[in-house]
Amino acid sequence: MDKIVEAIRDIKGEDIKILDLSEIENAVASTFIICSGNSNTQVSAIAGSIEERVRADLNDRPWHVEGAENALWIVVDYVTVVVHIFQKEIREYYEIEELWGDAKVTCIGG
């Protein structure tokens with residue numbers, strides 16, 4: 001997770017939150033990492049930075065990547081850790097943090 005957060009920070013991703021879903025029954029992953037970007041270019045760059053950092057430092061590749069075509073909301077899925085990279089207005093609309101209200105949330109400061 002630290003490498004993912006570093007990669008997000010490298011591209012100036014904002015409002016980084018880590019949701020611990022490990023205690024939630026039927027959760028799709030044990031951890032969600034959520035962040036925001038200001039444009040589709042920045043959202044794409046954050047996703048690319050995450051993939052590069054995790055591949056270089058941890059020798060791992062995502063199981064699945066979704067949303068790269070329009071870069072409004074990109075999901076980078078490492079099975080146990082799923083990263084959601086949103087444009088701000090899309091994140092506000094979907095309120096994904098609210099869907100997992102029982103999760104333990106860690107906010108990463110700027």
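For Phe32 and Trp100, the ring centers sit closer than 6.0 Å to each other.
Note on Ile50 and Met1: same hydrophobic cluster, where clusters join Ile, Leu, Val, Met, Phe, Trp and Tyr whose side-chain heavy atoms are under 4.5 Å apart, directly or indirectly. Hydrophobic clustering of Ile, Leu, Val, Met, Phe, Trp and Tyr side chains at less than 4.5 Å, counting indirect connections, keeps Val83 apart from Phe86. Both Ile34 and Val82 belong to a single network of hydrophobic side chains, linked directly or stepwise wherever heavy atoms of I, L, V, M, F, W or Y lie under 4.5 Å apart. In the hydrophobic clustering of this structure, Ile85 does not group with Val79; members are Ile, Leu, Val, Met, Phe, Trp, Tyr whose side-chain heavy atoms approach within less than 4.5 Å, directly or through other members.
By the neighbour-count criterion of 12 heavy atoms within 6.0 Å, atom CD of Glu89 is densely surrounded, having more than that number from other residues, nucleotides or ligands.
At least one side-chain heavy atom of Ile4 sits under 4.5 Å from a side-chain heavy atom of Val54. Contact check for Leu72 versus Asn40: no side-chain heavy atoms found under the 4.5 Å cut-off. In this structure the side chain of Thr31 never reaches within 4.5 angstrom of the side chain of Thr80, judged on heavy atoms. Residues Ile96 and Trp73 have side chains in contact (heavy-atom distance under 4.5 Å, counting atoms from C-beta outward). Side-chain contact check for Leu21 versus Ser30: every heavy-atom pair is 4.5 Å or farther apart. Side chains of Gln42 and Ile11 form a contact here, defined as non-hydrogen atoms less than 4.5 Å apart. Residues Thr106 and Lys17 have side chains not in contact (no heavy-atom distance under 4.5 Å, counting atoms from C-beta outward). Proximity of Glu14 to Asn38: side-chain heavy atoms (C-beta onward) are separated by under 4.5 Å at one or more points.
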Practice item. Would you check, one step at a time, whether the test ring pair (Phe, Tyr, Trp, His ring centres under 6.0 Å) holds for Tyr78 with Trp63? Key: CA-CA 5 Å; Tyr78 288 96; Trp63 174 71; over 10 Å; no

Practice item. Apply salt bridge (charged side-chain N to carboxylate O under 4.0 Å, His left out) to the pair Asp15 and Lys88, showing each step before the final yes or no. Key: CA-CA 9 Å; Asp15 195 14; Lys88 286 181 182 179; over 6 Å; no

Practice item. Quick one: do Val43 and Thr41 satisfy side chain to side chain contact (heavy atoms under 4.5 Å, CB included)? Show the steps, please. Key: CA-CA 6 Å; Val43 167; Thr41 303; over 6 Å; no

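Between Pro62 and Val76, the closest heavy-atom pair is CB-CG1, 3.8 Å. A pairwise comparison of heavy atoms in Ser44 and Ile74 identifies CA-CD1, 3.9 Å as the closest pair.
Interatomic distance, CD1 of Ile8 versus CD1 of Ile108, reported as 9.0 Å (0.5 Å rounding). A distance of 5.5 Å separates CD1 in Ile16 from CZ in Arg9, rounded to the nearest 0.5 Å. A distance of 6.5 Å separates CD of Gln87 from OG of Ser39, quoted to the nearest 0.5 Å. With rounding to the nearest 0.5 angstrom, the NE2 atom of His84 is 10.5 Å from the CZ atom of Arg91. To the nearest 0.5 Å, the span separating OG on Ser49 from CG on Asp10 amounts to 5.0 Å. Here Ile90 contributes atom CD1 and Glu95 contributes atom CD; the two are 12.5 Å apart, rounded to the nearest 0.5 Å.
Classification of Lys104 and Glu23 as a salt-bridged pair fails, no side-chain N sitting under 4.0 Å from a carboxylate O. A salt bridge does not link Arg61 with Glu51: none of the charged nitrogens is closer than 4.0 Å to a carboxylate oxygen.
When each of Ile33, Val81, Val105 is paired with Ile18, the side-chain contact (heavy atoms from CB on, under 4.5 Å) condition holds for Ile33 and for no other.
Partners of Asp20 by side-chain hydrogen bond (donor to acceptor under 3.5 Å, both in side chains), not counting sequence neighbours, listed by chain and number: Ser22.
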